[in-house]
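Report on one structure; see the data block that follows.
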Amino acid sequence: MARANDEAAELVQELADLLSITGGEAFKVRAYEKAARAIAGHPEDIAALDLEGLRRIPNVGAAIAKKIADYNATGTIRQVEELRAEIPAGVRALTSIPTLGPKKAMAVYEELGVSSVPELARAIEDGRLRGLRGFGAKTEENILRGIELMRRAGDRVLVDTAMGLASDIVAALSRVDGCRRCVYAGSLRRMRETIGDLDVLAASDDPGPIMAAFTALPQVAEVIARGDKKTSVRTVKGLQVDLRVVPPEAWGAALQYFTGSRQHNVRIRERAVRAGLKLSEYGLFSASEEDGGLIVSATEEEVYARLGLPWIPPTLREDSGEIEAALDGTLPRLVTEEDLRGDLHSHTDLTDGTASLEDMVAAAEARGLEYFAITDHAPDLFMQRMTDEKALAQREAIRALQARHPGMTLLHGTELNIGPDGGVDWDADFLAGFDVCVASVHSHFTQTTAEATRRLLRACENPHVHVIGHPTARLIGRRAPLDADWDEVFRACARTGTALEIDCFPDRLDLPADLIRRARRFGVKFAIDSDAHAVGHFRNVRYGVGTAQRGWLTPEDVINAWPLDRLRAFLGGETPA
DNA sequence: GCCGTTTTCGGCCCGACTGTTTTCAGTCG
């Protein structure tokens with residue numbers, strides 16, 4: 001269910017897009033874009049705000065406030081409807097073709113009447129773009145290739161895929177003579193859940209050999225652009241990788257710049273300008289001095305400090321309030337992988353895991369965990385063939401194994417299945433025998449909002465359910481999230497002391513970061529769980545931690561960052577601290 | 001269209017690269 005905020009933000013963004021196509025003033029376009037982001041990220045429900053309340057949203061002034069009020073009253077924005085009548089939806093879609101922006105989209109529409117991606121492809125085949133000002137042979141070729149790329153869709157990859165590729169490239173380039181430093185930056189450093197392209201940054205006084213090594217990498221399928229400072233390639237799997245090489249002394253400014261996000265950087269640069277400075281990837285400079293004197297650029301910390309800000313963790317750099325928090329000293333102390341004392345969701349080969357109980361426990365101990373819960377599936381997932389007897393036998397096995405692992409407390413848990421009506425496997429008496437119960441949705445993903453909400457609420461209200469596992473049940477790029485009234489669910493979690501899981505699997509990352517941040521405002525607690533089905537899956541925890549950080553979580557918010565006795569009190573039903 | 005620790009008017013982040021043009025517009029990040 002889309003929130004009013006999201007729908008209104010989408011409309012304002014569409015207004016920005018349509019305005020840029022019709023040649024509207026660039027600053028006005030940018031103002032709409034900024035407002036759209038602010039509306040989407042605003043904690044209050046805009047449906048409940050009057051004009052005065054709407055104006056308190058950052059980057060929303062009198063004009064946009066009126067448009068949102070228009071949306072609240074009518075469900076749409078009049079100016080958007082008018083522009084839609086003028087510009088067919090297909091023309092806006094043209095701008096999603098790489099290398100084709102608003103100007104070219106408008107040109108083909110006005111000159112040739114082209115108003116959809118397939119029409120544009122046909123126009124090129126027919127040679128109708130020839131002679132159009134600004135369109136040469138190369139442009140045609142680029143557009144056709146862009147369309148083909150879009151057809152292959154799924155152009156973003158999961159974070160673990162990107163991380164694997166980035167690690168390989170960084171390792172290879174780090175070996176090149178003269179390469180002083182090399183790291184990945186961009187959305188991967190910010191730990192976004194999917195990655196559209198990789199940004200790799202290197203420091204050297206002699207970029208030539210690094211550029212040469214980069215384009216010669218075995219993963220490279222084609223070179224898109226090649227220069228002294230920047231080279232872009234596409235890998236055999238279709239992912240674009242941009243390499244920037246900067247002088248070593250510019251490292252901090254360059255890393256800050258190429259980490260983004262773009263919106264965060266715009267805000268940072270605005271601060272620089274207001275202070276009479278100029279920030280670029282080469283450093284922070286005095287804007288007034290004739291020689292544009294360099295002030296700092298060696299480290300990110302210096303750059304932020306000179307602008308009156310503490311260093312801001314990359315996972316927060318989305319211009320969603322982190323700069324304001326940095327200014328009033330309220331940046332959160334983000335939870336890290338080292339903060340995690342335990343893991344509350346894992347499987348063994350008793351159900352669908354691939355490793356034995358002994359191997360999973362040994363791997364958990366190698367992670368340095370203080371406590372570790374085995375939570376195999378319960379009988380309602382019929383294919384898992386769990387029975388009461390097997391569960392009880394596993395409990396005995398865990399008690400016996402405990403003696404061999406004195407440094408780590410083993411917990412016997414289970415992952416219950418939340419049925420369509422919110423019921424779970426096993427009755428209260430049997431459930432009471434487990435140390436921890438995770439309950440998750442594994443089927444019936446397309447219920448109505450009311451049904452899905454009622455279902456999750458009932459699970460929360462079950463006193464034996466401690467954690468809701470992968471709460472939205474989404475699979476990134478493959479399955480949509482449950483359509484629940486999440487604010488209602490968050491209220492129930494806070495009320496009943498039920499934690500929400502952040503499942504660390506790269507194709508789940510569930511709860512997603514935006515919902516984590518919303519849930520936190522209700523006082524909900526979280527569990528960052530591996531959901532490991534094999535020893536190797538513990539490696540995914542960093543992605544779950546990244547997601548938690550993007551949701552602004554501190555160790556205080558995460559029950560498996562707590563000492564065991566505090567966790568036990570929480571599981572025992574005491575009201576959350 | 002928004003905004004203000006110089007401003008209620010006059011600014012608004014900045015640079016790299018491509019492609020199409022003979023000095024620059026468009027796109028991208």
Side-chain angles (χ1 to χ4, degrees), chain A residues 12 15-16 19-21 23-38 54-68 79 94-108 129-143 145-146 185-187 190 195-201 207 211 223-232 240-246 250 253-254 256-285 287-288 292 307-308 319 327:
Chain A
V12 174
L15 191 52
L19 211 60
S20 74
I21 292 169
E25 205 204 332
F27 291 118
K28 202 190 260 194
V29 171
R30 202 143 68 193
Y32 283 132
E33 288 176 339
K34 284 164 91 168
R37 282 201 310 279
L54 292 169
R55 286 209 54 175
R56 278 199 296 273
I57 303 173
N59 301 308
V60 172
I64 295 179
K66 228 165 140 260
K67 290 182 170 59
I68 305 171
Q79 289 86 342
L94 292 180
T95 62
S96 57
I97 301 171
T99 73
L100 196 141
K103 296 289 190 294
K104 284 195 161 75
M106 194 56 178
V108 295
L129 261 65
R130 298 286 156 75
L132 212 58
R133 189 177 168 74
F135 290 79
K138 274 297 227 185
T139 302
E140 289 187 359
E141 195 183 312
N142 285 337
I143 291 173
R145 283 151 48 86
S187 53
R190 301 199 312 279
I195 307 295
D197 52 40
L198 278 185
D199 292 290
V200 178
L201 179 65
M211 293 302 186
V223 178
I224 300 167
R226 187 198 308 260
D228 275 350
K229 300 178 169 64
K230 172 183 171 177
T231 294
S232 298
Q240 182 170 331
V241 186
D242 296 336
L243 170 66
R244 297 288 296 243
V245 183
V246 298
Q256 196 284 325
Y257 183 81
F258 292 114
T259 297
S261 66
R262 196 172 165 178
Q263 291 79 13
H264 174 88
N265 286 356
V266 167
R267 291 288 308 279
I268 294 295
R269 287 181 175 216
E270 282 171 358
R271 273 191 73 76
V273 168
R274 229 170 290 137
L277 306 171
K278 183 172 75 91
L279 179 62
S280 78
E281 56 265 55
Y282 298 112
L284 186 62
F285 299 89
S288 55
L307 295 172
D319 186 24
L327 282 170

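Side chains are part of it too, since the values below use all heavy atoms of this structure and drop only hydrogens, waters and symmetry mates. All chains are named by letter (A, B, ...) in the order of the sequence lines, taking the proteins before the strands, and each is independently numbered beginning at 1.
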For nucleotides 10-20 of chain B, give me one character per nucleotide, 5' to 3': B if any protein heavy atom sits under 4.0 Å from the base, S if the only such contacts are to the sugar-phosphate, - if neither.
--BBBSSSSSS

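- Comparing B:dG26 with B:dT21, their C1' atoms sit 13 Å apart, to the nearest whole Å.
- If you take atom P in B:dA16 and the same atom in B:dG11, they sit 25 Å apart, rounded to whole Å.
- Annotation: B:dC17 and B:dC12 have their C1' atoms spaced 24 Å apart (nearest Å).
- As judged by a 4.0 angstrom heavy-atom cut-off over every strand, A:A272 is placed among residues making no nucleic acid contact.
- Annotation: salt bridge (charged side-chain N to carboxylate O under 4.0 Å, His left out) contacts of A:R145 (sequence neighbours excluded): A:E222.
- A gap of 15 Å separates the C1' atoms of B:dT18 and B:dT23, to the nearest Å.
- Counting heavy atoms from C-beta outward, A:S280 and A:R269 have side chains that approach closer than 4.5 Å.
- B:dT20 and B:dC14 have their C1' atoms separated by 23 Å, with the value rounded to a whole Å.
- With DNA chain B read from its 5' end, the first of the two nearest nucleotides for A:R55 and A:G101 is the one closest to A:R55.
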Which pairs of donor and acceptor atoms, one on a side chain in residues 57-67 of chain A, lie under 3.5 Å apart (sequence neighbours left out)?
none

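- Every residue meeting the side-chain hydrogen bond (donor to acceptor under 3.5 Å, both in side chains) condition with A:R130, not counting sequence neighbours, appears here in chain and number order: A:E140.
- The separation between A:R145 atom CZ and B:dT27 atom P is 18 Å, rounded to whole Å.
- Atom P of nucleotide B:dC3 and atom OH of A:Y32 are separated by 13 Å, given to the nearest angstrom.
- For A:E270, the side chain to side chain contact (heavy atoms under 4.5 Å, CB included) partners are A:K34, A:V266, A:R267, A:R274, not counting sequence neighbours.
- With sequence neighbours excluded, the residues that form a side chain to side chain contact (heavy atoms under 4.5 Å, CB included) with A:K28 are A:L19, A:E25, A:Y32.
- Between the P atoms of B:dG4 and B:dT8, the separation comes to 13 Å (whole Å).
- When the P atom is used for both B:dC3 and B:dC13, the distance is 14 Å, rounded to whole Å.
- If you check B:dA16 for Watson-Crick or wobble pairing at under 3.5 angstrom, you find it paired to B:dT27.
- In this structure the side chain of A:D242 never reaches within 4.5 angstrom of the side chain of A:F258, judged on heavy atoms.
- Between A:R274 and A:A63, the residue anchored closer to the 5' end of DNA chain B is A:A63, taking for each the nucleotide with the nearest heavy atom.
- Across all strands, A:V60 comes closer than 4.0 Å only to sugar-phosphate atoms, never to a base (heavy-atom distances).
- Separating the C1' atom of B:dG1 from that of B:dT5 is a span of 23 Å, rounded to the nearest Å.
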